[in-house]
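The sequence lines fix the lettering, A, B, ..., with proteins before strands; numbering per chain opens at 1. Note that the structure is a prediction, hence the values are computed from the model and not measured.
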Amino acid sequence: MVARALLGKVLLRRLPEGLAAVRITEVEAYLGVGDAAAHTFGGRRTARNETMWGEAGRLYVYFTYGMHHCANVTTRAPGQPEAVLLRGGVVVAGAEMVRARRRRSAGSRLLDGPAKLCQGLGIDRTLDGADVTVPGEVWLADDGAVVPRNRICARVRVGVAYAGAAAAWPLRFVLDLEP
DNA sequence: TCTAGGATCGGCT
DNA sequence: GCCGATCCTAGAT
């Protein structure tokens, strides 16, 4: 599954102040038209989620709760609107920049939620549709870090209680970095 | 055009 | 641990 493969990868972001890098430690999979928790459930296709329906390896950024952005990476061919929500990570480079953008809270809670990730890296709707497979404004890289399978935990997704049975699917993957 | 609700966060008890 | 903020989006009228 692509969601597991994304754990341990490094998300790079080119900011006016410099380059920031985050190792991804928490993701959630959204399985397209058959997933009641996904924006594309039942084949919904709108201006907002158009990116979901396109090429794999693109950034899908959406706005929610009136104040938060969340970032996904699409994983399938056009016509298969599946994506992985980036829920959290740890800063591996450019920590000063990220902390400056997340002034209110810091420490281990710097990037422990999808909206915080976007805020810390300056990701918003202008980056929707960006190609993350090649270096640019924002992209994904593999620095060769080994991710032991026994450090990956599958959990129930968060914040999708409205989705009925789909809410109980174990599609949230957490990389346990603690000893 | 109108209205309801949300893939959340942070402050307060 | 619980609750309120806040505004965009989508579906209904």
Could you check how far [atom1] of [X] sits from [atom2] of [N], rounded to whole Å?
X	N	atom1	atom2	result
A:Asp128	C:dT9	CG	P	10 Å
A:Phe63	B:dC9	CZ	P	13 Å
A:Glu50	C:dT9	CD	C1'	15 Å
A:Asp124	C:dC7	CG	C1'	15 Å
A:Arg125	C:dC8	CZ	C1'	10 Å
A:Leu117	B:dC9	CG	P	10 Å
A:Asn49	C:dC8	CG	C1'	14 Å
A:Asn72	B:dT8	CG	C1'	14 Å

_First encountered from the 5' end of DNA chain C, between A:Arg44 and A:His68_ = A:His68
Options [options], nucleotide nearest the side-chain atoms of [X]:
X	options	value
A:Gln119	C:dA10, B:dA7, B:dG10	B:dG10
A:Met67	C:dG11, C:dA5, B:dC9	C:dA5
A:Arg48	B:dT8, C:dA10, B:dG10	C:dA10

*Could you tell me whether the side chain of A:Trp139 reaches within less than 4.5 Å of the side chain of A:Arg14, counting heavy atoms only?*
yes
*Could you check whether A:Ala37 gets within reach of a base, just the sugar-phosphate, or nothing at all, counting any heavy atom under 4.0 Å?*
base
*Atom CG in A:Leu127, atom OG1 in A:Thr51: separation rounded to 0.5 Å?*
11.0 Å
*Look at the side chain of A:Tyr65 and the base of B:dA7, then say whether one donor and one acceptor between them are separated by less than 3.5 Å.*
no
_Does the structure show A:Tyr162 stacking with B:dG6, if we require the centres to be closer than 5.5 Å and the planes to be within less than 30 degrees of parallel?_
no
*asked:* Testing the basics here: between A:Glu55 and A:Pro78, what is the closest heavy-atom pair and its distance to 0.1 Å?
replied: OE2-CG, 3.8 Å
*Taking all non-hydrogen atoms of both residues into account, name the closest pair between A:Ala166 and A:Asp35 and its distance.*
CB-OD1, 3.7 Å
_Can you see if the side chain of A:Arg102 gets near the phosphate of B:dG10 - specifically, an N or O under 4.0 Å from OP1 or OP2?_
yes
*Does B:dT8 have OP1 or OP2 sitting under 4.0 Å from an N or O in the side chain of A:Thr64?*
no
*Should C:dC8 form a Watson-Crick or G-U wobble pair with both distances under 3.5 Å, which nucleotide is its partner?*
B:dG5
*State whether a side-chain donor-acceptor pair under 3.5 Å links A:Thr40 with A:Asn49.*
no
